[in-house]
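Protein chains get the first letters and strands the later ones, always in sequence-line order, with residue 1 at the start of each.
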There are 2 protein chains.
Amino acid sequence: MRVVKEAEERKNEILDAAEELFVTKGYDGTSTGDILDKVGIARGTLYYHFKSKEDILDALTERIGNAMFASAKRVADDKKIPVLERIIKCVACLKPRSDIGNEVIKQVHKPQNALMHQKMEKSILSGVIPIIGGLIEEGVSEGIFTTKYPLYAAEMLVSYSQTAFDDNFEQTEEETMLRIKAFIYHTEKILGVAEGSLEDKMIGMFS
Amino acid sequence: MRVVKEAEERKNEILDAAEELFVTKGYDGTSTGDILDKVGIARGTLYYHFKSKEDILDALTERIGNAMFASAKRVADDKKIPVLERIIKCVACLKPRSDIGNEVIKQVHKPQNALMHQKMEKSILSGVIPIIGGLIEEGVSEGIFTTKYPLYAAEMLVSYSQTAFDDNFEQTEEETMLRIKAFIYHTEKILGVAEGSLEDKMIGMFS
DNA sequence: TATAAGCAGACCGACAGCCTGTCGGTAAGA
DNA sequence: TCTTACCGACAGGCTGTCGGTCTGCTTATA
């Protein structure tokens, strides 16, 4: 019955189980007992590795955040690709991995998961904004963008798009389309490029 | 011992107590028992008026949202004042009433209050954005602003400022100042006004 | 090299304590 | 008398703790 593993391995097992459960049943909807059953360990073991349920969430958030950060970083550093395209690809990294599926997104935005949502968002934002800020900066020095505050431009665009395209608001398809167009329009203003010049490239970001 | 009151009155008593407790100890940190004690009623009474703890939060959020909405609306309709000033005053309505004090803000942003935070924000945004959107529209037809999407401009500015000036990020004073300047700069871009023209008026919003 | 002793890290599960929501029953006012 | 407001015991669930157990690696010893 008793199986001993290295701490790192157990921790990851617990995080794997927690990820699936949180994503399926929500954070509040998942009890530590559920995690125990899924991993097949005893209560004490869980609390040997993590000091609380929230501690598990924090570790999980960090793991996901790091993964996103890494893939965004990889894209951002690929100097062969034009800056604008790199930005768009970076933004794509913010979306949850497709193999988990769309259920996740719905779950994360249920009110019961406010805490999870908030932590995810914060972790994502703090990691990816500097990367995109750097890309905008690159664009500025290439002369294709114009802004005195590249980093804060990134902050504004990313953090707004996180809240606006979140399913937070229930909206019809036309509203969504309008919101997207408005977003692109204002992005052009913020980055100081000609009106309409980003439309073709950016429209693909939302699909 | 037994005191009978009208339902509306009791409900408000409960909401008053809940507001103070949520604000002091946080939503998760407040037990229904705390509320019971504070109001001086029994368990069953609470659940006679509200169907769950979250239901209390919802009612409270709505009450606060409505108050903000009303005062913003009043400001927005005062046609004697120039549009830009009205916008600034509306934004000021978003800040919590000063008589509750600053402790509130800190509480709301603690992780334990994610749910409260989220509900407040959503309620505020959905109520006030259309008002400010209308004001921007007014500005556009007066010829002082230029944007094809006044409503979404409002959405972007308000929702970004909510997340950015939230104590969410811990930041030094210089960072805050820089962020404010950047915000004003980008606001000018979004509203299509001359660079620097909003600085004097807007800087007062953050104090 | 074989064997025993020692030890720290991983693990277990009973249990305390809190918390939410329910329910049958009770008082009070119209 | 009937509806509306109220009461408080109680069930059930959940988190985090704690004393104790097991395991396998390290070190000592012959």
Side-chain angles (χ1 to χ4, degrees), chain A residues 1-61 107 110-116 119, chain B residues 1-61 107 110-116 119:
Chain A
M1 283 296 94
R2 182 170 202 140
V3 184
V4 177
K5 301 191 175 178
E6 228 163 86
E8 245 352 83
E9 194 181 346
R10 253 296 125 80
K11 270 193 173 178
N12 273 317
E13 273 183 28
I14 294 171
L15 289 182
D16 290 341
E19 178 163 15
E20 194 173 325
L21 287 166
F22 288 173
V23 147
T24 317
K25 309 172 59 177
Y27 174 71
D28 284 13
T30 301
S31 72
T32 50
D34 294 335
I35 301 176
L36 265 31
D37 290 345
K38 183 148 191 135
V39 185
I41 53 173
R43 225 169 167 66
T45 308
L46 184 75
Y47 283 90
Y48 174 76
H49 292 288
F50 296 94
K51 77 177 211 293
S52 68
K53 188 183 170 188
E54 191 174 343
D55 192 33
I56 298 176
L57 179 58
D58 287 338
L60 185 57
T61 312
Q107 263 302 330
K110 282 190 184 167
Q112 291 76 23
N113 299 323
L115 181 62
M116 189 160 80
K119 296 209 169 187
Chain B
M1 277 299 91
R2 174 173 276 216
V3 183
V4 177
K5 301 192 175 177
E6 230 163 84
E8 253 340 274
E9 193 181 344
R10 253 297 125 79
K11 269 193 174 178
N12 273 318
E13 273 183 29
I14 294 172
L15 289 182
D16 290 341
E19 178 164 14
E20 192 172 327
L21 287 166
F22 288 173
V23 146
T24 316
K25 308 172 59 177
Y27 175 72
D28 284 12
T30 301
S31 73
T32 50
D34 294 336
I35 301 177
L36 265 32
D37 291 345
K38 183 148 193 136
V39 185
I41 54 173
R43 238 187 145 61
T45 308
L46 183 76
Y47 282 90
Y48 174 77
H49 292 287
F50 296 94
K51 77 176 211 295
S52 68
K53 188 183 170 188
E54 191 174 342
D55 192 34
I56 299 175
L57 179 58
D58 287 338
L60 185 58
T61 312
Q107 262 303 331
K110 281 189 184 169
Q112 290 76 25
N113 299 322
L115 181 61
M116 189 160 81
K119 295 209 170 188

(message) Without decimals, in angstroms, what is the distance between A:Ile35 CD1 and D:dG16 C1'?
(response) 13 Å
(request) Please report, rounded to the nearest Å, how far the C1' atom of D:dG13 is from the CG atom of A:Leu36. (result) 14 Å
Collect all protein-nucleotide pairs involving nucleotides 24-26 of chain C in which both atoms are nitrogen or oxygen and the distance is under 3.5 Å.
residue, atom, partner, partner atom, Å
C:dT26, O2, B:Arg2, NH1, 2.7
C:dT26, O2, B:Arg2, NH2, 3.2

(message) Please report the distance, rounded to the nearest Å, between NZ in B:Lys11 and C1' in D:dC6.
(response) 15 Å
(message) Is it the case that over 12 heavy atoms from other parts of the model lie below 6.0 angstrom from the CD atom of B:Glu54?
(response) yes
(message) Would you say B:Arg10 places a side-chain N or O within less than 4.0 Å of OP1 or OP2 belonging to D:dC6?
(response) yes
(request) Please report, rounded to the nearest Å, how far the P atom of C:dT20 is from the CD1 atom of B:Ile41. (result) 13 Å
(request) Report the distance from atom CZ of A:Arg43 to atom P of C:dG17, rounded to the nearest whole Å. (result) 16 Å
(message) Is there a side-chain contact between A:Asp28 and A:Leu115 in this structure, where contact means two heavy atoms from C-beta onward sitting under 4.5 Å apart?
(response) no
(request) Taking the side chain as every heavy atom from C-beta outward, state whether A:Leu15 and A:Glu19 have any atom pair closer than 4.5 Å. (result) no
(message) Output the rounded distance in Å from NZ (B:Lys5) to P (D:dT3).
(response) 25 Å
(message) Tell me whether A:Lys119 contacts the main-chain N or O of A:Leu60 through its side chain, where contact means a donor paired with an acceptor under 3.5 Å.
(response) no
(request) Check whether any side-chain heavy atom of B:Phe22 sits under 4.5 Å from a side-chain heavy atom of B:Ile35, and report yes or no. (result) yes
(request) Report yes if at least one side-chain N or O of B:Thr32 is closer than 4.0 Å to OP1 or OP2 of C:dT20; otherwise report no. (result) yes
(request) Could you grab the distance from atom CG of A:Leu57 to atom NZ of A:Lys53, nearest 0.5 Å is fine? (result) 9.0 Å
(request) Report the distance from atom CD1 of B:Ile56 to atom C1' of C:dT20, rounded to the nearest whole Å. (result) 11 Å
(message) If you take any heavy atom closer than 4.0 Å to DNA chain C, which residues from residues 44-55 of chain B end up in contact?
(response) B:Gly44, B:Tyr47, B:Ser52, B:Lys53
(request) Could you list all the side chain to side chain donor-acceptor pair (under 3.5 Å) pairs where at least one residue sits in residues 39-51 of chain A, not counting sequence neighbours? (result) A:Thr32-A:Arg43
(message) Has A:Asp37 got a side-chain atom pairing as donor or acceptor with A:Asp34's backbone, closer than 3.5 angstrom?
(response) no
(message) In whole Å, I'd like the distance from the CD atom of A:Glu6 to the C1' atom of D:dC25.
(response) 12 Å
(message) Once rounded to the nearest 0.5 Å, what's the spacing between atom CG of B:Asn12 and atom CD of B:Glu6?
(response) 11.5 Å
